[in-house]
Amino acid sequence: MFEVRLDDVHQRAATGVLPPDLLVDDLIRDAHRRYATDDEGVVADYIPILGRAEPSDFGLALVDVAGHAHEAGDVQRRFSLQSVSKAFVFALACERIGHAAVHANVGVNNTGLPFNSVIALELNDGSPMNPMVNAGAIATTAMIPAGSAEARWDIVLDGLSAFAGRELALDEEVYESESVTNHRNRAIAALLQSYGRLDEDPLESVDVYTRQCSLAVTAHDLAVMGATLADGGVNPVTGHRVVAADVARDTLAVLATTGMYETSGEWLYEIGLPAKSGVSGGIVAIAPGKGAVGAYSPRLDAAGNSVRGQRACAHLSRSLGLNLFASVARDEREEIG
Ligand code: GLU
């Protein structure tokens, strides 16, 4: 009989290593320089305060699984976490109730429709389809077991802070601006409830979701949070285990198919990494076993993804050999447009 030795399996599961630190530093600086003057895209303003972002801000950070940071540009500029929170709250929910329960109640397939679509719910018997759209994220947050909405928020805040390796805080102005304008998310939560897919109070559920979106973070934070998923659930900077290794793996699988709005397929085709972006201009792209890129630049394309962030990630995926589907590390093809 063919015998599989555990050592062999571990070797075969390895996804390779990053180039030496100094070269990674250079390549990050190079990627930043290439796109720093790219001014395509528009800053989101459907949440009024987001429209006040400085369009020229651009930070790029890579944190590797040894906990080393490689950075260029505005990596300490604060912005709100927005949809990037969905990835990490999904992991926190899986950790607490198991991946089967989240799969059954929320789903893991792409809707093919915008992140705040109501039609997607109506077309699918009230199933949110996946945790990276607003309906799925509100449902996921509400599934975290807690005695009250306040206790649920504490769990979310503690968990997201553990991913970041520091105590995150609410941007009160963003929270206020989003709370008075999030009529659509409240409608989505009411619809979820009408389909029997939300056990918690809809308004309280939207409120916890709005708070998670309003946390102030930096590109550096995104890189640390992503590196925790790349490192099998252990924050490589603090050394603390935040979620189990299989939860980190499941989260990356969901991100690969649904993390970049309706252009998740194009992203995976060009860049080949699980990732999540948010409307404030943040992107986290994760290279399992290697590290993660955190990017911030607020000008977005039509789907809601940061233009500079995407271009820098595409360049880094090629120059650092990060594409999960590549059997040859270097890819010399032209840049994507
Ligand atoms: N808080 C935002 C909303 O609910 C998040 C959107 C996003 O980043 O995709 O509309």
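Atoms considered below: every heavy atom in the structure, side chains included; atoms not considered: hydrogens, waters and symmetry mates. Each ligand, and each atom within it, is numbered from 1 in the order the structure gives.
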Would you please classify the geometry between the Phe79 ring and the Tyr296 ring as parallel, tilted or perpendicular, with 30° and 60° separating the classes? parallel
Which residues satisfy the ring-ring contact (aromatic ring centres under 6.0 Å, His included) test with Tyr209, sequence neighbours excluded? none
Counting heavy atoms under 4.0 Å, the part of Arg184 that contacts ligand 1 is neither
How far is atom 2 (C) of ligand 1 from its nearest protein heavy atom, and which residue and atom name does that atom have? Gln82 OE1, 3.1 Å
Side chain, backbone, both or neither: which applies to Asn185 and ligand 1 if a contact is any heavy-atom pair less than 4.0 Å apart? side chain
Taking 4.0 angstrom as the limit and counting only heavy atoms of Tyr209, give me the atoms of ligand 1 inside it, by number and element. 1 (N), 2 (C), 3 (C), 4 (O), 5 (C)
Output all residues satisfying side-chain hydrogen bond (donor to acceptor under 3.5 Å, both in side chains) with Arg299, sequence neighbours left out; order by chain, then residue number. none
Is ligand 1 under 4.0 Å from a heavy atom in the side chain of Val279, in the backbone, in both, or in neither? both
Does ligand 1 have an atom that lies less than 4.0 angstrom from a heavy atom of Asn116? no
Ligand 1 atoms nearer than 4.0 angstrom to some heavy atom of Tyr46 are 2 (C), 3 (C), 5 (C), 6 (C), 10 (O)
Using a 4.0 Å cutoff against the non-hydrogen atoms of Tyr261, which atoms of ligand 1 qualify? 7 (C), 8 (O), 9 (O)
Is it the side chain (CB and beyond), the backbone, both or neither of Cys213 that lies under 4.0 Å from ligand 1, heavy atoms counted? side chain
Which ligand 1 atoms are under 4.0 Å away from a heavy-atom of Glu178? 1 (N), 2 (C), 3 (C), 4 (O)
Do Asn305 and Thr263 pair up side chain to side chain, a donor and an acceptor below 3.5 Å, judged on atom types alone? yes
Could you check atom 7 (C) of ligand 1 against the protein and tell me its nearest heavy-atom contact, residue, atom and distance included? Ser83 OG, 2.6 Å
Can you list the atoms of ligand 1 that are under 4.0 Å from a heavy atom of Gly278? 8 (O)
